[in-house]
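Some notes on the structure that comes next.
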Protein chains: 2
Amino acid sequence: MSLATIQCCAPIAREPLSEGDAAELATLLKAVADPVRLRLLSMIGSHTGGEACVCDLTDAFELTAPTISHHLKVLRTAGLIDGERRGTWVYYRIVPETVNKLGALFAPLAEPATV
Amino acid sequence: MSLATIQCCAPIAREPLSEGDAAELATLLKAVADPVRLRLLSMIGSHTGGEACVCDLTDAFELTAPTISHHLKVLRTAGLIDGERRGTWVYYRIVPETVNKLGALFAPLAEPATV
DNA sequence: GCTCTAATTTGACATACATCTAAGCCTCTT
DNA sequence: AAGAGGCTTAGATGTATGTCAAATTAGAGC
């Protein structure tokens, strides 16, 4: 790691995003830019075993099952979660690699060391 | 820092977000969940001196000045950038604290150490 | 096979949003 | 003070999106 990598700002502020990268990242960000989907994501990720049943998620909101299902589909299409049917129920879990993409985009490259 | 903080997942996956926190974060994320605004943010942040003139930004897109102005306003309202008029031109710069909020939300709490 | 529950899909609707044109405001220059 | 350039605001319009009700698929158990 060179000194050049030590600076104050996130990767998004290091160099201009290409049009293509921006479009791809915007799609990912749109998926999480909703209060219900943020809560779904955090509920799935923090649930025991790292996975949650749709039934648990639906009960936690004052929304209909189709609406929750819609939001889960948006998250799954974006690659943020992955679903699996086991018997009667469907379980979702987080895809950490995709979440990390967002973390990398906004994470500061270094702490404000001595300053 | 205790051992408990060393785990695989981002803070969003640590515990369920409250309704209020989710709403606040969603507002912030909506501001960046647009390809034009992502590029604006990265162009401003990576520009020499950490600030960019609106004129530079407008020329970089095939969009009208009012549209760019609108996007800048969205970013500014979200607290992601801050603008200042100096003479004829208006300069924008990034507000790192706000960007860091997003970084903190999605950043893994620890590297996949030995695994 | 039939029924019940879990979850998704479809279609409709109201709202939110990205974009443009036209108009207005601020600053510098002449 | 009058004009010109830079930027924002206001209003209009087409598209995208969040939500629900109704219909559909899938599995479990009787």
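Chain identifiers are assigned alphabetically (A, B, ...) following the order of the sequence lines, protein sequences preceding nucleic acid strands; residue numbering begins at 1 within each chain. Atoms considered below: every heavy atom in the structure, side chains included; atoms not considered: hydrogens, waters and symmetry mates.
- The separation between B:Y91 atom OH and C:dC26 atom P is 19 Å, rounded to whole Å.
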Might you list the N or O atoms of the protein lying below 3.5 Å from N or O atoms in nucleotides 24-30 of chain D, with each pair's distance?
none

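- Residue-environment remark: CD (A:E51) exceeds the threshold of 12 foreign heavy atoms within 6.0 Å.
- Put simply, CH2 on B:W89 is 18 Å from P on D:dA4, counting in whole angstrom units.
- Across every non-hydrogen atom of A:L29 and B:V32, the tightest pair is CD1-O, 3.6 Å.
- Residues A:V54 and A:S69 form no side-chain contact, since every pair of their non-hydrogen atoms from C-beta on lies 4.5 Å or further apart.
- No side-chain heavy atom of A:F106 sits under 4.5 Å from any side-chain heavy atom of B:K101.
- A:L63 has its side chain out of reach of A:T58: every pair of non-hydrogen atoms, C-beta onward, lies at least 4.5 Å apart.
- Taking the side chain as every heavy atom from C-beta outward, A:I12 and A:L17 approach each other to under 4.5 Å.
- Nearest-nucleotide positions on DNA chain C place A:T58 closer to the 5' end than the other of A:T58 and A:K30.
- The closest side-chain heavy-atom distance from B:P16 to A:M43 is below 4.5 Å.
- Each of A:A33 and B:C55 was matched to the nucleotide of DNA chain D holding its nearest heavy atom; the match closer to the 5' end belongs to B:C55.
- Computed from coordinates, the B:E84 CD to D:dG6 C1' distance equals 16 Å when rounded to whole Å.
- Figure legend: cation-pi geometry between A:R76 and A:Y92 absent, as NZ or CZ is not positioned both under 6.0 Å from the six-membered ring centre and within 45° of its axis.
- A heavy atom lying under 4.0 Å from DNA chain D marks the following residues of residues 60-81 of chain B, by number: B:A65, B:P66, B:S69, B:K73.
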